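Everything on this sheet refers to the single structure shown next.
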Number of protein chains: 2
Amino acid sequence: MAQADRAPDATLRRFSGYGMKRAFNMVQSDLNAALKPFGLRMITFSALVVIRDAPGLRQARLAEVLQMEKPNLVALLDELERAGLITRTRLAEDRRAHALDVTGAGITLCARALAAVDAHESRMTEGLTPEERAALIRALRVIETNGGET
Amino acid sequence: MAQADRAPDATLRRFSGYGMKRAFNMVQSDLNAALKPFGLRMITFSALVVIRDAPGLRQARLAEVLQMEKPNLVALLDELERAGLITRTRLAEDRRAHALDVTGAGITLCARALAAVDAHESRMTEGLTPEERAALIRALRVIETNGGET
DNA sequence: CCGAAACCGATATGCTTCATAACGATTTCA
DNA sequence: TGAAATCGTTATGAAGCATATCGGTTTCGG
């Protein structure tokens, strides 16, 4: 018998991080493909949704929420603004900051994109029961929290 | 009440992919920190383990297993070879190919690194029962498979 | 009230990761 | 025997991400 039929990455399969990397690679490519018709990528979609749900958000706060550095947000928001999906408005009470808001066109597109992402999620989690999917999301949250405590 | 206490990313939290990205970011930084004392990174560690478990492996096959492009493997293996952890041997039966093998020093380091990664895994999955952890890994596999069927 | 410090968005820059095209050497196969 | 495929490699460029720094603005301590 030996180890002839043993998968070459069997040792790595025991680690949840390895499974995460592989699963996420699939998710990412499928999601980006699903968002392409809307002119969105994973990250621009995320930003659009967060701004829609928290109108008037500041860029620094958005950077916190999406866990990215502020400089990298600039080009991303330029892209969304150029596409007519969001606006940057100088705040009266703090003229350093910009308030972010989604335009009417942005809200429409966001809703359509969300439907596409829902379909994507269903596709990727096919074969899992709703309970298993919920447990997955909960487990990922635990890991995220454990990491943040360092 | 309104949505005052609603997390700004609540909508995104419903998607498993979002949780994966966030959890994996934590895993990656913690893991790379854990591997640093060994002079390894996530990817060099993975390669080392796979080669150890499949002696004589060819580079093209390793690229398949780790899902990376062959050109990116070259520098990575140079690094492991320079560190004296692996060897590249020209095959007699096919002089185009190189057989990859882990050296004695490589095996020792690999074992020590594996222990560190085990500790890392325990740290990251703290709060999950063994069953929950197993279910997580299984669910990630399902998603990876669903993605690969496209 | 004033000056130092902190904060906001933006720019410039470099590093790491990752994908593609093409090459010489070798093997396979028609 | 010659064409096509394969193996490892090189060169190159795109994309993601982090750091340092800037001008403009606000905050706050003396």
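Just so it is clear, the model here is predicted, and its values are computed rather than measured. The chains referred to below are lettered A, B, ... by the order of the sequence lines, with proteins before strands, and numbering in each begins at 1.
- Distance alone, capped at 3.5 Å, is enough to place a donor-acceptor pair between the A/E132 side chain and the A/T129 backbone.
- Among residues two or more places apart in sequence or in another chain, the side chain to side chain donor-acceptor pair (under 3.5 Å) test is passed with B/T125 by none.
- With hydrogens and angles left out, the side-chain atoms of B/E81 and B/T87 include no donor and acceptor closer than 3.5 Å.
- In this structure, A/R41 and A/A92 both approach DNA chain D, and ranking their closest nucleotides by distance from the 5' end singles out A/R41.
- Against DNA chain D, the stretch residues 79-91 of chain A makes no heavy-atom approach under 4.0 Å.
- Of the possible donor and acceptor atoms, none in the side chain of A/Q67 sits under 3.5 Å from a partner among the backbone N and O of B/R22.
- A donor atom on one side chain and an acceptor atom on the other are not found under 3.5 Å apart for B/E79 and B/T44.
- Within 6.0 Å of CZ on A/R13 lie more than 12 heavy atoms contributed by other residues, nucleotides or ligands.
- Sorted by residue number, the members of residues 61-74 of chain B with any non-hydrogen atom under 4.0 Å from DNA chain D read B/K70, B/P71, B/V74.
- Heavy-atom neighbours of A/R88 CZ from other residues, nucleotides or ligands within 6.0 Å: above the threshold of 12.
- Without hydrogens or angle criteria, A/S16 side chain to B/I137 main chain gives no donor-acceptor distance under 3.5 Å.
- A/R90 places no side-chain N or O within 3.5 Å of a backbone atom of A/H98 that could act as its donor or acceptor partner.
- Nucleotides of DNA chain D lying under 4.0 Å from heavy atoms of chain B occupy a range whose first and last members, 5' to 3', are D/dA5 to D/dC17.
- Of the residues in residues 93-100 of chain A, those placing a heavy atom less than 4.0 Å from an atom of DNA chain C are A/R96, A/A97, A/H98, in numerical order.
- Here chain A contacts DNA chain C (any atom closer than 4.0 Å to a heavy atom, that is under 4.0 Å), and the contacts span C/dA6 to C/dC18 from 5' to 3'.
- Side-chain atoms of B/D53 and A/T11 form a donor-acceptor pair, as typed in the model, at a separation below 3.5 Å.
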